[in-house]
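All remarks here apply to the structure that follows.
Along the sequence shown, residues are numbered consecutively beginning with 1. Keep in mind that the numbers below use all heavy atoms, side chains included, and drop hydrogens, waters and symmetry copies.
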Amino acid sequence: MTYLVTDNCIKCKYTDCVEVCPVDCFYEGENMLVIHPDECIDCGVCEPECPAEAIKPDTEPGLDHWLKVNTEYAEKWPNITIAKEKPADAEEFDGVEGKFEKYFSAEPGSGD
């Protein structure tokens with residue numbers, strides 16, 4: 001099992017989760033984070049830290065797409081271990097449907 005970052009992170013990108021991760025398995029894109037599934041130790045400490053409730057265990061049904069997204073972009077984006085300011089409009093995008101199709105960016109973030 002691993003934890004995955006899902007669509008509600010897009011354009012919310014709270015980074016509370018990265019500081020509690022004991023293995024530094026988060027990677028930063030321009031407008032979301034991902035977890036490297038091969039690095040995640042399944043401890044679960046990140047899940048309750050996410051204000052957007054975007055982190056889910058891969059045992060939940062329907063997350064195949066997110067396993068692929070997390071795996072692909074964890075290889076391309078820089079590692080992030082220190083929390084940053086949330087986007088100014090994060091609350092506006094929390095809970096918006098269809099965020100991947102509308103807003104996902106494959107561009108990397110700045111990392112640490």
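Cluster annotation: Y3 is not connected to V45 through the hydrophobic network of ILVMFWY side chains, with a link wherever side-chain heavy atoms come within less than 4.5 Å. Placement of V34 and V23 in two distinct hydrophobic clusters is found when ILVMFWY residues are connected by side-chain heavy-atom separations under 4.5 Å, directly or transitively. Criterion: ILVMFWY side-chain heavy atoms under 4.5 Å apart, direct or through other members. Under it, M32 and F100 are part of a common hydrophobic cluster. Grouping the Ile, Leu, Val, Met, Phe, Trp and Tyr side chains by contacts below 4.5 angstrom, directly or via other members, places Y73 with L67.
Shortest non-hydrogen contact noted between V5 and L33 is CG1-O, 3.1 Å. In plain terms, the two heavy atoms of C12 and P87 that are nearest each other are O-CD, 2.8 Å. N31 approaches K13 most closely through the heavy-atom pair C-CD, 3.7 Å. What you find for K56 and L63 is that their closest heavy atoms are CB-CD1, 3.8 Å. When all heavy atoms of L4 and D58 are compared, the pair lying nearest together is CD1-CB, 3.7 Å. I35 approaches P37 most closely through the heavy-atom pair O-CD, 3.0 Å.
Looking at residues two or more places apart in sequence or on another chain, you find no salt bridge (Lys or Arg N to Asp or Glu O under 4.0 Å) involving K68. Taking S105 as the reference, E30 meet the side-chain hydrogen bond (donor to acceptor under 3.5 Å, both in side chains) condition, with sequence neighbours excluded. Listed by chain and residue number, N8 satisfy the side-chain hydrogen bond (donor to acceptor under 3.5 Å, both in side chains) test with K99 (two or more places apart in sequence, or in another chain). Partners of K86 according to the salt bridge (Lys or Arg N to Asp or Glu O under 4.0 Å) rule, which considers only residues two or more places apart in sequence or in another chain, are E91. Residues forming a side chain to side chain contact (heavy atoms under 4.5 Å, CB included) with P48 (at least two apart in sequence, or on another chain): none. For E47, there are no salt bridge (Lys or Arg N to Asp or Glu O under 4.0 Å) partners at least two apart in sequence or on another chain. For T59, there are no side-chain hydrogen bond (donor to acceptor under 3.5 Å, both in side chains) partners, not counting sequence neighbours. Under the ring-ring contact (aromatic ring centres under 6.0 Å, His included) criterion, Y103 pairs with F93, not counting sequence neighbours. Listed by chain and number, the residues in a side-chain hydrogen bond (donor to acceptor under 3.5 Å, both in side chains) with Y27 are E39 (sequence neighbours excluded).
At a threshold of 4.5 Å between non-hydrogen side-chain atoms, the residues C25 and C40 count as touching.
More than 12 heavy atoms of other residues, nucleotides or ligands shown are found within 6.0 angstrom of CD on E19. The number of heavy atoms from other shown groups lying within 6.0 Å of CD (E97) does not exceed 12.
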Under 3.5 Å, which donor-acceptor pairs do the side chains of residues 74-85 form with other protein atoms, sequence neighbours left out?
residue	atom	partner	partner atom	Å
E75	OE2	H36	NE2	2.7
K76	NZ	E72	OE2	2.7
W77	NE1	A106	O	2.9
N79	ND2	D24	O	2.8
N79	ND2	F26	O	3.0
T81	OG1	D112	OD2	2.2
K84	NZ	E28	OE1	2.7
K84	NZ	E28	OE2	3.4
K84	NZ	S110	OG	2.7
K84	NZ	G111	O	2.9

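Sorted pairs that involve residues 2-12 and meet salt bridge (charged side-chain N to carboxylate O under 4.0 Å, His left out), not counting sequence neighbours, are lacking altogether.
In this structure, Y14 stands alone, with no Ile, Leu, Val, Met, Phe, Trp or Tyr side-chain heavy atom under 4.5 Å from its own, directly or through other members.
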